[in-house]
Amino acid sequence: MKYLLVPVLLLCSIFYNDLKGQNEYLNFEPTVFPDRIMLTIPGDPATTRAVSWRTVFSDKASVGEISLVESSPSLENSAQKVTGTFSPWEEGSTSAMGHKVVFNNLKPNSIYAYRVGNGEQWSEWFQFKTSSENAEPFSFLYFGDVQNDIKSYASRTLRQAYSNFPGADFMLFAGDLVSKSNEEYWREFFYAGGWIFGMMPSVPVPGNHEYGKTIDGSREFSRQWNQIYTMPENGPSAKYNNRCYYIDYQGVRFVSLDSPTMGYNRSDAGQILAWLEKVLGENPNQWSIVFTHYPVFSCSQGRDSEEYKEAVKPILEKYGVDLVLQGHDHTYCRGQNLSQVADKERNNPMYVVSIAGPKMYGLNTRFWSDRVASDTQLYQHISINGNSLDYKAYSVDGQLYDAFKLVKKASGVNFVQELDEVRKIEQRTEIPEGARKNYSEEERKIYERHFSK
C-alpha cells in the first residue's frame, strides 16, 4: 500500500506546483516593476507622446528615458531622462500608483525607443514612430466596443488586427472599452492588449460603460480613465480633457466626441456641440473623421435616439465630415443613408458602427445600411493617401468582410466606390439567440423577408 502512495503523492505534488505556477502567472497585483503601459498622443503627433503605467502604491518616482532608435543595445547611454507625475491608479484608492510621463520636442517622422520606471526598476524598451508634419499617407485601426469577455474573446480581435497590420499608426477605440470601469475589467483589457499598448498609440473616446451608476442613480465618470489616457487638452473645457479633443494627423482632423456625457450632463450638451461645430468649422485639413460612441443611425433593434441624431447629424452634414466611426450597438453596419439627407450635392458622412468584442445584438428593421453583419467580431483598417480613403473591415479570423473607397473630388464631395469583391461576400444576418426577444413576430417576418433577398 505504501508503494501506491508514492505515485499518488508525486501526482499531487505536480498538480499543486502546476496550480501554483498558474496562480503566480495570473497574479495581477502591482509590483515595483511597471505594468499596464499605455502609449498615447497628448498633442502634436509629430513631436509628442505620453506614457502611463502602474506600480505598487509606495512607488512615488515617475521617470521616462527616450532615445532615437539605434541598433546598439546601449540605449541608456544616449537616452534623455524625463521626470513625470504620479497619482493613485484608481482615483481615491491606495491599491496601486499610477504614473505618467510626457515626451516633448520629438523629431517628426522618427523612430524612438523608450522605457519607464522609477530610476532603478525599469520596463522593457518600447519603440514608436512620430508622425510627419505634412499630409502624407498613413493608416490606423478602428475598433468598436471591446467591453466584456475581454481576456477570453476580445483579445483575439486586438491581436489579430495588430498581427495583420503592425505598421498602422494608431488604434482608435469607439467607446465601451470595458463593461465596468473597475479593476476586474481593466485587468482584462491590459491583459488582452499587453505590450501592443506600449508600441502603438491608443486614441479612445468614452462610451456609456465608462460612466458607472452611483447609489443615488446618477452617473460617475471612470476613476481610471484620466490616469490611463493622456490626450490633447483642446476640448470644450478642462472637465472634458481626454474625452472631447481633436488630433490633426497627416492631413486628417480626428475629433473625439464624448456622446454619453451629453445625456448624463445635459447642461453641458450645448457647450460640447458648440465646440464640435467650431472644431469642424476651423479644420485646415482635407479630411475629417469624427469618432464617438452613440450611433447617429442605429443598427440594432430598438436603440434609435432621435434626440441625439437631431443634435449631432446637422453639424456633421454642415461641415462635410467624411467618416463617422461609432460603437454601442453590438452589430455592424455602414452607409450614408442618403434617404435622410437634405442636400445630396454636398459631401455627406459615411456612418459606420462596429463591434470588436463578443457581446452581440440583432440588426434592426430600418434597413438603412449598405452593408451589415450580426454575430460577428470585426476590426477595421483605414488608410488615407492624398485624395483617397480606403476602408476595409475584417472578421476576427482575418477575412475581408467589407470595403469601400472614398475619392475626394475637387469640389470637396466624395465619390463612394464600392468594391466588386465585397459584393461576393455573403452578409451575416442571423439574429443571435439572446436578441430574438427584441423582435415582435411581425418584425421577424419583415427581417427575414428583407435579408432573404
Side-chain angles (χ1 to χ4, degrees), residues 38-45 48-50 52 131 138 140-146 168-178 181 197 200-211 221-222 224-265 268-269 271-283 285 287-296 308 311-313 315-316 319 321-328 349 351-354 356 380 382 384:
M38 179 65 70
L39 180 67
T40 52
I41 303 172
D44 182 352
T48 67
R49 288 294 182 274
S52 66
S131 78
F138 74 97
F140 66 97
L141 297 167
Y142 149 52
F143 301 97
D145 301 28
V146 177
D169 288 68
F170 55 85
M171 296 178 286
L172 185 151
F173 293 89
D176 281 6
L177 282 67
V178 290
S181 194
F197 289 152
M200 186 179 287
S202 289
V203 177
V205 66
N208 56 295
H209 281 267
E210 273 71 59
Y211 288 83
F221 186 60
S222 167
Q224 293 87 2
W225 184 276
N226 289 327
Q227 175 55 55
I228 297 169
Y229 297 109
T230 310
M231 309 313 297
E233 295 183 356
N234 51 23
S237 68
K239 178 180 178 180
Y240 292 106
N241 283 349
N242 302 320
R243 297 190 244 176
C244 293
Y245 58 88
Y246 66 88
I247 297 174
D248 290 336
Y249 202 103
Q250 295 185 190
V252 182
R253 173 156 288 187
F254 290 87
V255 183
S256 168
L257 175 64
D258 180 0
S259 48
T261 198
M262 292 195 292
Y264 301 145
N265 302 291
D268 294 344
Q271 178 190 24
I272 293 170
L273 291 172
W275 168 82
L276 175 65
E277 186 156 9
K278 182 175 186 293
V279 166
L280 293 174
E282 296 176 351
N283 179 22
N285 301 281
W287 296 92
S288 59
I289 296 175
V290 171
F291 58 108
T292 186
H293 185 61
Y294 288 160
V296 172
Y308 175 70
V312 175
K313 178 175 171 283
I315 299 174
L316 302 177
Y319 294 102
V321 169
D322 299 293
L323 196 58
V324 183
L325 304 177
Q326 306 148 112
H328 190 60
Y351 297 96
V352 183
V353 176
S354 191
Q380 289 70 220
I382 301 169
I384 295 95

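Only this structure's heavy atoms are used, side chains among them; waters, hydrogens and symmetry mates stay out.
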Would you confirm whether [X], through its side chain, and [Y], through its main-chain N or O, come within 3.5 Å as a donor-acceptor pair?
X: Q250; Y: S131; result: no
X: D322; Y: I289; result: no
X: W225; Y: R243; result: no

Residue list, side-chain contact (heavy atoms from CB on, under 4.5 Å) with [X], at least two apart or on another chain:
X: A356; answer: F143, V146, T157
X: S256; answer: V205, Y245, F291
X: A50; answer: T40, P42, V102, T230
X: N208; answer: D176, P260, Y264, H293, Y294, H328

Check against side chain to side chain contact (heavy atoms under 4.5 Å, CB included), D258 and E210: CA-CA 10 Å; D258 180 0; E210 273 71 59; over 6 Å; no
Listed partners of Y240 passing ring pair (Phe, Tyr, Trp, His ring centres under 6.0 Å), at least two apart: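 For Y240 there are no ring pair (Phe, Tyr, Trp, His ring centres under 6.0 Å) partners, ignoring immediate neighbours.
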Under the ring pair (Phe, Tyr, Trp, His ring centres under 6.0 Å) test, residues paired with Y351 that sit two or more places apart: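 Partners of Y351 by the ring pair (Phe, Tyr, Trp, His ring centres under 6.0 Å) criterion, ordered by chain and then number, come out as F297.
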What's the shortest heavy-atom distance between [X] and [Y], and which atoms?
X: M38; Y: I228; value: CG-O, 3.8 Å
X: N241; Y: N226; value: O-OD1, 3.6 Å
X: D169; Y: P201; value: O-CD, 3.4 Å
X: P232; Y: G43; value: CG-N, 4.0 Å
X: Y211; Y: P206; value: CE1-CB, 4.4 Å

Residues in side chain to side chain donor-acceptor pair (under 3.5 Å) contact with [X], at least two apart in sequence or another chain:
X: S181; value: W186, S222, Q224
X: S354; value: Q380
X: E233; value: none
X: H209; value: Q147

F140-Y249 aromatic ring centre distance below 6.0 Å: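 No.
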Aromatic ring proximity F170/F254, centre distance under 6.0 Å: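 Centroid distance F170-F254: below 6.0 Å, so yes.
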For D44, all residues meeting salt bridge (charged side-chain N to carboxylate O under 4.0 Å, His left out), sequence neighbours excluded: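 For D44, no residue satisfies salt bridge (charged side-chain N to carboxylate O under 4.0 Å, His left out) once neighbours in sequence are set aside.
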Listed partners of D248 passing salt bridge (charged side-chain N to carboxylate O under 4.0 Å, His left out), at least two apart: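 Per chain and number, D248 pairs via salt bridge (charged side-chain N to carboxylate O under 4.0 Å, His left out) with R253.
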If you define the side chain from C-beta out and look only at heavy atoms, does anything of [X] sit under 4.5 Å from [Y]?
X: V255; Y: S288; value: no
X: V312; Y: S259; value: no
X: M171; Y: V203; value: no

Derivation and outcome, side chain to side chain contact (heavy atoms under 4.5 Å, CB included), residues L325 and I382: CA-CA 11 Å; L325 304 177; I382 301 169; 4.0 Å; yes
Y319 and N283: side chain donor to acceptor below 3.5 Å: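 Absent: no donor and acceptor within the cut-off.
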Measure the spacing between [atom1] of [X] and [atom2] of [Y] and express it to the nearest 0.5 Å.
X: S237; Y: D268; atom1: OG; atom2: CG; result: 6.5 Å
X: W287; Y: L323; atom1: CH2; atom2: CG; result: 9.0 Å
X: N242; Y: F221; atom1: CG; atom2: CZ; result: 7.5 Å
X: L276; Y: L316; atom1: CG; atom2: CG; result: 6.5 Å
X: S202; Y: F173; atom1: OG; atom2: CZ; result: 4.5 Å

